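The structure under discussion appears below in the form of structure tokens.
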Amino acid sequence: MARTIGVIGIGHVGVTTSFNIVTKGLADTLVMIDTKPGWAEAERLDLQDSLGGLNTYTRIVANDYSLLRDADVVIFSGGDISVIKDGDRNSEIKTTKAAIDDAAPKLTAAGFHGVLIDISNPCDVAVTYWQEKLDLHRNQIIGTGTALDTYRMRRAVAEAMNVNVADVRGFNLGEHGESQFTAWSTVRVNNEPVKASPDFKEKDLAEAARLGGWQIFNAKHYTNFGIATIACEMALAVMSDAGRIFPCSSYDPQYGVSIGHPTMIGRAGVISNPPMHLTGDEVNQYAHSADTIKENLAKLHALD
Ligand SMILES: NC(=O)c1ccc[n+]([C@@H]2O[C@H](COP(=O)([O-])OP(=O)(O)OC[C@H]3O[C@@H](n4cnc5c(N)ncnc54)[C@H](O)[C@@H]3O)[C@@H](O)[C@H]2O)c1
């Protein structure tokens with residue numbers, strides 16, 4: 001069956017995600033949507049120019065919500081990165097809310113019934129807001145959450161311990177924001193618990209993982225490659241009904257918000273949330289993160 005992916009918000013993140021989708025041949029149809037006049041069409045044409053050199057084919061369409069009726073996945077990266085201040089993703093609450101308020105009714109009118117993956121920040125607040133706005137089961141609405149933070153932790157550990165990043169496994173959890181944390185009890189290097197290694201320096205590694213994104217952001221004023229990669233991994237897991245586990249943002253009924261925690265993803269979105277087996281300290285950090293998301297969700301609701 002033909003696969004359709006929509007990307008809404010074709011800025012740094014949306015265009016890199018679109019490029020990834022086309023060069024990897026992840027979709028038969030890619031729908032690129034942006035509110036800036038002429039923008040999505042220009043990026044569509046530029047991307048279309050790459051088709052001559054690829055061994056896969058993707059039909060690329062700009063600004064047509066009606067094609068999202070049967071989309072398997074919609075990836076949302078709308079907003080305005082330029083409003084981020086003082087290293088705080090929550091400074092985007094207003095612009096991201098406005099973008100969701102614009103896009104949600106259009107998705108509903110189109111009859112979209114697939115899986116929505118939110119990238120826009122603050123990610124967990126945005127996911128929870130999408131769940132309020134769309135008439136879909138909340139299992140169909142997820143966010144990249146701490147999946148990118150997990151990539152960053154794996155990079156930091158691999159560099160510090162001089163091992164291949166593919167052999168570093170484990171999870172960052174909680175808010176995709178300053179209260180996120182590495183659950184070191186879950187991290188294994190070459191299949192050994194990281195904490196057992198004589199090279200394990202928790203404080204340094206935790207800081208390197210947490211600050212990984214800001215080091216990029218402070219120079220570029222955006223980040224794009226890591227996030228586009230994780231969004232495509234998640235989209236593929238949905239379309240292939242892969243049953244893969246990501247530390248992405250999905251609803252946690254115990255805390256009443258969407259938050260980064262292990263989530264098995266397939267065709268219907270969330271299949272299940274495997275148990276976490278965290279230490280007492282990690283449970284406290286997770287609870288603190290959930291409270292932070294709730295506070296920021298209240299700030300978003302106060303804008304109504
Ligand atoms: N979750 C993560 O791990 C992660 C990582 C990187 C970036 N982000 C977030 O992704 C978002 C996008 O980042 P960026 O650097 O691409 O920003 P950007 O400002 O370059 O692009 C945003 C795009 O969205 C468009 N847009 C705004 N409102 C829209 C709407 N209603 N419908 C369609 N398009 C709309 C804008 O015209 C713009 O082209 C930001 O919120 C950023 O913080 C999240």
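From a predicted model like this one, the values you see are computed outputs, not experimental measurements. All values below were derived from every heavy atom in this structure, side-chain atoms included, with hydrogens, water molecules and symmetry-related copies excluded. First listed ligand is number 1; within each ligand, the first listed atom is number 1.
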(request) Each residue besides I84 in its hydrophobic cluster should be listed here, by chain and number; the cluster joins Ile, Leu, Val, Met, Phe, Trp and Tyr at side-chain heavy-atom distances under 4.5 Å. (result) I81, L211, W214, F217, Y222

(message) Please state which option from V127, T223, V13 has its nearest heavy atom closest to atom 13 (O) of ligand 1.
(response) V13

(request) Compare all side-chain heavy atoms of I293 with those of S258 and state whether any distance is below 4.5 angstrom. (result) no

(request) Report the distance from atom CZ of R69 to atom CG of D64, rounding to the nearest 0.5 Å. (result) 12.5 Å

(message) Quick one: does any side-chain atom of S240 pair with a main-chain N or O of A242 as donor and acceptor, under 3.5 Å?
(response) no

(message) Please determine whether residues L67 and L107 belong to a single hydrophobic cluster, defined as Ile, Leu, Val, Met, Phe, Trp and Tyr linked transitively by side-chain heavy-atom distances below 4.5 Å.
(response) yes

(request) Kindly confirm or rule out an N or O of Y222 lying under 3.5 angstrom from an N or O of ligand 1. (result) no

(request) Give yes if a backbone or side-chain nitrogen or oxygen of H176 is under 3.5 Å from a nitrogen or oxygen of ligand 1, and no if not. (result) yes

(request) Pick, from A126, G79, G9, A103, the option with the minimum heavy-atom distance to atom 27 (C) of ligand 1. (result) G79

(request) Determine whether the side chain, the backbone, both or neither of I227 has a heavy atom under 4.0 Å from any heavy atom of ligand 1. (result) side chain

(message) Return the closest protein heavy atom for atom 21 (O) of ligand 1 as residue, atom name and distance.
(response) G11 CA, 3.2 Å

(message) Counting only nitrogen or oxygen atoms and a 3.5 angstrom limit, does I81 reach ligand 1?
(response) yes

(message) Membership question, hydrophobic clusters at under 4.5 Å side-chain separation (ILVMFWY): are V283 and F171 in the same one?
(response) yes

(message) Assigning hydrophobic clusters by single linkage (Ile, Leu, Val, Met, Phe, Trp, Tyr; side-chain heavy-atom cutoff under 4.5 Å), is L68 placed with I100?
(response) yes

(request) Measure the distance from atom 20 (O) of ligand 1 to every protein heavy atom, then report the residue, atom name and distance (to 0.1 Å) of the closest one. (result) H12 ND1, 2.8 Å

(request) Please work out whether any backbone atom (N, CA, C, O) or any side-chain heavy atom from C-beta onward of L148 is under 4.0 Å from ligand 1, and answer side chain, backbone, both or neither. (result) side chain

(message) Which Ile, Leu, Val, Met, Phe, Trp or Tyr residues join F200 in one cluster when any pair of side-chain heavy atoms under 4.5 Å counts as a link?
(response) M153, V157, M161, V163, V168, W184, V187, V189, V194, L205

(message) Just to be sure I'm reading this right: ignoring hydrogens, which of V7, V15, D34, T144 gets closest to atom 36 (C) of ligand 1? Compare them by their nearest heavy atoms.
(response) D34

(request) Decide whether V31 and F76 are clustered together by the hydrophobic rule: side chain heavy atoms of Ile, Leu, Val, Met, Phe, Trp, Tyr closer than 4.5 Å, transitively. (result) yes

(request) Considering the heavy atoms of D102, write down every atom of ligand 1 situated less than 4.0 Å from one of them. (result) 30 (C), 31 (N), 32 (N)

(message) Which heavy atom of A231 sits nearest to which heavy atom of I119, and what is that distance?
(response) CB-CD1, 3.7 Å

(message) To check your reading of the model: name the closest protein heavy atom to atom 12 (C) of ligand 1, its residue, and the distance in Å.
(response) S77 O, 3.4 Å

(request) Could you tell me which atoms of ligand 1, counted from 1 in the order shown, lie closer than 4.0 angstrom to a heavy atom of I8? (result) 32 (N), 33 (C)

(request) Would you check whether I119 has a nitrogen or oxygen atom less than 3.5 angstrom from a nitrogen or oxygen atom of ligand 1? (result) yes

(message) Looking only at protein heavy atoms, which one is nearest to atom 40 (C) of ligand 1, and what is the separation?
(response) E92 OE1, 3.2 Å

(message) Tell me if a side-chain donor or acceptor on Q140 pairs with a main-chain N or O of H113 at a distance below 3.5 Å.
(response) yes

(request) Examine the proximity of ligand 1 to T35 and report which part, side chain or backbone, both or neither, has a heavy atom under 4.0 Å away. (result) both

(message) Within the 4.0 Å heavy-atom shell around G78, which atoms of ligand 1 are there?
(response) 24 (O)

(message) Heavy atom to atom 44 (C) of ligand 1, shortest distance: which of N121, I33, N63, I230 holds it?
(response) N121

